[in-house]
2 protein chains.
Amino acid sequence: MKDQSTEENILNAAISVFQKKGMAGARMQEIADEAKINKAMLHYYYKNKQKLFEAVFRQAFEKFAPHINEVFNSDKSVFEKIIKFTDSYISFVMENPYLPNFLIQEINNNTEFANLFFGSEIAPNPIRFEKQIEEEIEKGIIKPIDPKQLLLNLFSLTAFSFVGTGLVRGILNLDEKKFKTMMEERKIMIPELLINSIKK
Amino acid sequence: MKDQSTEENILNAAISVFQKKGMAGARMQEIADEAKINKAMLHYYYKNKQKLFEAVFRQAFEKFAPHINEVFNSDKSVFEKIIKFTDSYISFVMENPYLPNFLIQEINNNTEFANLFFGSEIAPNPIRFEKQIEEEIEKGIIKPIDPKQLLLNLFSLTAFSFVGTGLVRGILNLDEKKFKTMMEERKIMIPELLINSIKK
DNA sequence: ACATTTATTAACCATATGGTTAAACTATTT
DNA sequence: AAATAGTTTAACCATATGGTTAATAAATGT
């Protein structure tokens with residue numbers, strides 16, 4: 001571990017605590033403890049809990065969005081993008097297991113605040129991809145489908161396992177090893193499933 | 001609205017508040033207000049917040065599980081079960097929009113407690129369905145696939161939209177009407193997608 | 001070296017929150 | 001009708017929690 005500025009320490013501790021416990025469950029004292037500083041420092045660098053939360057949310061949002069944009073705004077084919085996104089997203093989330101759930105949770109609980117982000121530059125923006133899907137449909141490369149439904153299928157199949165980990169593992173009776181194996185398999189299986197359903 | 005016993009009032013109020021705000025975000029006073037009774041009554045009928053939460057969790061779990069079991073333990077074919085489950089689950093969740101997210105959230109935050117339920121009678125138990133899938137594979141009716149992966153696809157495609165409503169609507173830029181329309185379409189589209197991927 | 005700004009802490013404070021209690025009110029029993 | 005048991009409330013209580021303050025320590029500028 002390298003020396004970090006106090007402000008960075010605080011943000012990292014806040015990320016850790018907020019992502020695990022959410023806004024309502026997080027405690028300022030716990031964040032201070034994890035950052036190994038006095039609680040007053042939190043308010044010195046970040047005015048209050050809400051502001052600190054917003055910094056954490058912004059960081060999470062900014063970390064998450066590129067995984068959608070990079071893939072979707074590249075100049076690859078629809079098929080290639082589906083393959084690339086699945087692999088890149090599952091790998092990313094396996095390294096950041098709390099992130100999708102945190103985002104989903106806080107967006108649901110704080111829709112108006114979250115909508116500030118969806119308007120912005122950094123927001124995931126699949127519009128170009130949606131257009132591309134329509135173009136490939138017109139060209140006869142893929143079968144007709146609502147681009148938004150295709151995207152929703154892609155997001156659902158990749159993300160749900162991580163958001164609902166506990167429920168999934170409980171119902172399907174999966175230990176951690178089996179779960180991870182399945183996630184690796186899904187990197188191949190999901191694109192196959194989706195591409196197969198739209199290719200002519 | 002019919003007259004309900006105070007205990008029922010409390011449980012209903014608790015369901016409403018806990019499902020929207022989760023264990024950490026829920027306030028005993030808010031539950032009392034919603035039930036229109038004195039806060040002390042909560043402790044009269046339910047010892048403490050934890051116990052009240054557990055009653056709510058149990059109710060949610062018991063309400064949710066049959067939608068999996070009824071379909072999966074019927075004597076229909078795999079194809080028919082996929083069709084039935086999708087329709088029944090999406091309809092159910094559109095009427096109970098907070099339920100899946102609440103369960104997922106609290107199972108994630110309280111794995112050991114939740115595991116008490118996964119062992120029990122009422123737990124969603126897809127083992128018979130998994131065996132049926134293997135049988136139909138052997139009989140050559142459907143293509144080889146890990147039954148657990150098929151189930152995970154089914155759960156993902158049906159549930160994710162409701163768990164990540166805010167994120168989905170934000171990214172895909174959906175108003176409430178369009179979202180609902182898409183959910184209706186998915187009752188048809190999801191079984192098509194899944195059946196098509198496994199039928200020979 | 002001295003002054004000034006910046007960073008950090010211990011001790012506090014106000015309020016929110018889960019929980020308790022004693023009294024009152026309402027059936028129910030005898 | 002009196003006694004008993006069950007239900008409900010207002011007022012409290014202890015603690016947790018977010019936030020502040022005043023004093024101190026460390027860094028920076030002159």
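In the text below, chain A, chain B and the rest are named by the order of the sequence lines, each starting its count at 1. What you see below is based on every heavy atom in this structure, not just the backbone, and it leaves out hydrogens, waters and symmetry mates.
Salt bridge status for B:E135 with B:K131: absent, with no side-chain N to carboxylate O gap under 4.0 Å. A salt bridge does not link B:R58 with B:E54: every distance from a Lys NZ or Arg NE/NH1/NH2 to an Asp or Glu carboxylate oxygen is 4.0 Å or more.
Looking only at side-chain heavy atoms (C-beta outward), A:Q105 and B:N101 come within less than 4.5 Å of each other.
The distance from atom CD of A:E7 to atom P of C:dT8 is 10 Å, rounded to the nearest whole Å. The nearest whole Å value for the distance from the CD atom in B:Q50 to the P atom in C:dT17 is 18 Å. Across the protein-nucleic acid pair, A:I37 atom CD1 and C:dT8 atom P stand 9 Å apart, rounded to whole Å. When rounded to the nearest whole Å, the span between NZ of B:K49 and P of C:dT17 equals 9 Å.
Base engagement by A:N38 is indicated by at least one non-hydrogen atom pair under 4.0 Å involving a base atom.
Aromatic ring centres of B:F92 and B:F85 lie farther apart than the 6.0 Å criterion allows. B:F53 has its ring centre no less than 6.0 Å from the ring centre of B:Y46. In this structure, the ring of A:F155 has its center no less than 6.0 angstrom from the ring center of B:F160.
Residues from residues 16-36 of chain A with heavy atoms under 4.0 angstrom of DNA chain D, sorted by number: A:A26, A:R27, A:M28. Of the residues in residues 39-46 of chain B, B:A40, B:M41, B:Y44, B:Y45 come within less than 4.0 Å of DNA chain D through at least one heavy atom, sorted by number.
OP1 or OP2 of C:dT8 lies within a sub-4.0 Å distance of a side-chain N or O belonging to A:T6.
Heavy atoms only, all atoms of each residue included: A:V163 and B:N108 are closest at O-ND2, 2.9 Å.
A:S77 and A:E136 share no donor-acceptor pair across their side chains, judged by distance under 3.5 Å alone.
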